[in-house]
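When a ligand or atom number is given, it counts from 1 through the structure's own listing order. Position 1 is the first residue of the sequence; numbering continues from there.
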Amino acid sequence: MDWRLGMVAFVVGQFGLVGVGCAPDGTPPSRLAARTVPTVDKATLDACMVCHSTKEMQRGPVLDGLPAWYLEAQLKKFQTGQRGKNPKNKAEQLMGAAMSKIKTDTELTALAVHFGKLKPKPSLRVIRGDVATGRALYATRCASCHGDKGEGKRELNSPPVNVQEDWFLMDQLRKYASGQRGVHPGDAGGVLMKAAAANLSSTDLRNVVAYIAKNLTVTPPLQKVGPPKK
Ligand code: HEC
Ligand code: HEC
């Protein structure tokens, strides 16, 4: 089974909800359709897409292809104020305010399942760095939690890093490194990741992101010629 369907199945199992695709026991979609499928309210989704599509200049990350378990966990962090309340992180505060669009926990889970089922989107590569140095850094500093292929590790609450746009990876790494993310004491995963980014310079971060974008990201770059390789 595709790992992303596996993740959806995990969420489905945990919350008694049903996504599209085969159940863990291989039940075909036609049989699943008979059970309740949580639908995402169109108005809510439209509100999310104001910031989470590729159409806006000033925007949040593309969420497509991140696993439902991770999206749900992050939405809960915004809901409880573990993210979105740090005055140093203006982008996160925007997202914190947007949480008022989500009315119920069922809707929150349905949104996570919705984005988790979408295919990752090809993106422009905009981060330049030394790929060889980044590769070595990734192997020693990141792979243990995010996997050799950047596929993430559910058991460590470690998301994949091979589906997001490179600017967003860079942006979030800078935020962990500078105390804009992973600072809430209740945010165990964030605190762990903050420690992992702690003593890396911005050159280190650029190198590791350039490596991820070139070698691990599952979608091709949108441009024909990427940032120059050194
Ligand atoms: C006003 C713009 C805005 C709206 C509306 C908005 N978001 Fe966001 N969202 C953001 C920004 C900006 C970030 C990145 C925050 C940061 O940089 O720390 C974000 C981050 C997220 C993340 C975390 C992604 C990650 O990889 O850490 C999730 C999940 C998310 N949004 C889901 C949603 C959903 C679901 C909706 C609709 C209910 C929504 N957002 C509406 C701006 C918005
Ligand atoms: C000890 C385990 C661990 C190590 C080592 C680690 N990470 Fe993480 N990482 C995590 C966890 C857990 C999260 C989720 C944190 C959260 O919920 O805020 C995360 C989140 C991230 C995110 C945010 C993804 C998103 O969609 O918002 C990025 C980017 C990232 N890690 C990159 C890296 C890179 C690059 C390295 C190596 C320099 C690294 N991580 C090392 C555990 C780790």
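Within the 4.0 Å heavy-atom criterion, neither part of L137 lies near ligand 2.
Without hydrogens or angle criteria, Q180 side chain to K175 main chain gives no donor-acceptor distance under 3.5 Å. Using modelled atom types, no side-chain atom of E151 and backbone atom of N162 make a donor-acceptor pair closer than 3.5 Å.
Within the 4.5 Å cutoff, the side chain of P159 has heavy atoms near those of the H146 side chain. Side-chain contact check for K76 versus L71: every heavy-atom pair is 4.5 Å or farther apart. At least one side-chain heavy atom of L111 sits less than 4.5 Å from a side-chain heavy atom of T44.
Inspection of the D105 and Q79 side chains reveals an N or O donor paired with an N or O acceptor under 3.5 Å.
The closest approach between G182 and ligand 2 stays at or above 4.0 Å for every heavy atom of the residue. Contact annotation: Y138 has no heavy atom less than 4.0 Å from any atom of ligand 2.
For the pairing with Y138, the side chain to side chain contact (heavy atoms under 4.5 Å, CB included) check across N207, T133, I212 returns one residue only, I212. Screening L45, D46, T39 against K42 for a side chain to side chain contact (heavy atoms under 4.5 Å, CB included) leaves a single residue, D46.
In the vicinity of L200, heavy-atom distances shorter than 4.0 Å reach the ligand 2 atoms 38 (C). Taking a cut-off of under 4.0 Å to the non-hydrogen atoms of C142, the atoms of ligand 2 that pass are 34 (C), 35 (C), 36 (C), 37 (C), 38 (C), 39 (C), 41 (C). The C145 neighbourhood of ligand 2 comprises atoms 1 (C), 2 (C), 3 (C), 4 (C), 5 (C), 42 (C), 43 (C), with distances under 4.0 Å to a heavy atom of that residue. Close contacts of ligand 2 with R141, meaning ligand atoms under 4.0 Å from a residue heavy atom, involve 5 (C), 37 (C), 41 (C). Of all atoms in ligand 2, listed by their number and element, those nearer than 4.0 Å to a heavy atom of A196 are 4 (C), 5 (C), 6 (C), 41 (C). Heavy-atom contacts of L156 reach the following atoms of ligand 2: 12 (C) (cutoff under 4.0 Å).
Here M193 reaches atom 8 (Fe) of ligand 2: one of its N/O/S atoms is less than 2.8 Å from the metal. The distance from atom 8 (Fe) of ligand 2 to the nearest N/O/S atom of H146 is under 2.8 Å.
Remark: D64 engages K121 in a salt bridge, criterion side-chain N to carboxylate O under 4.0 Å.
Interatomic distance, CG of L63 versus CD of Q74, reported as 10.5 Å (0.5 Å rounding).
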Exercise answer, ligand 1 polar atom pairs (N/O) under 3.5 angstrom:
unit_1	atom_1	unit_2	atom_2	d
ligand 1	7 (N)	H52	NE2	2.8
ligand 1	9 (N)	H52	NE2	2.9
ligand 1	17 (O)	Q172	NE2	2.9
ligand 1	17 (O)	K175	NZ	2.6
ligand 1	18 (O)	R83	NH2	3.3
ligand 1	18 (O)	N89	ND2	3.4
ligand 1	27 (O)	Y70	OH	3.3
ligand 1	27 (O)	R83	NH1	2.9
ligand 1	31 (N)	H52	NE2	2.8
ligand 1	40 (N)	H52	NE2	2.7

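Evaluation of the side chain to side chain contact (heavy atoms under 4.5 Å, CB included) rule for D148 yields A143 as partners, not counting sequence neighbours.
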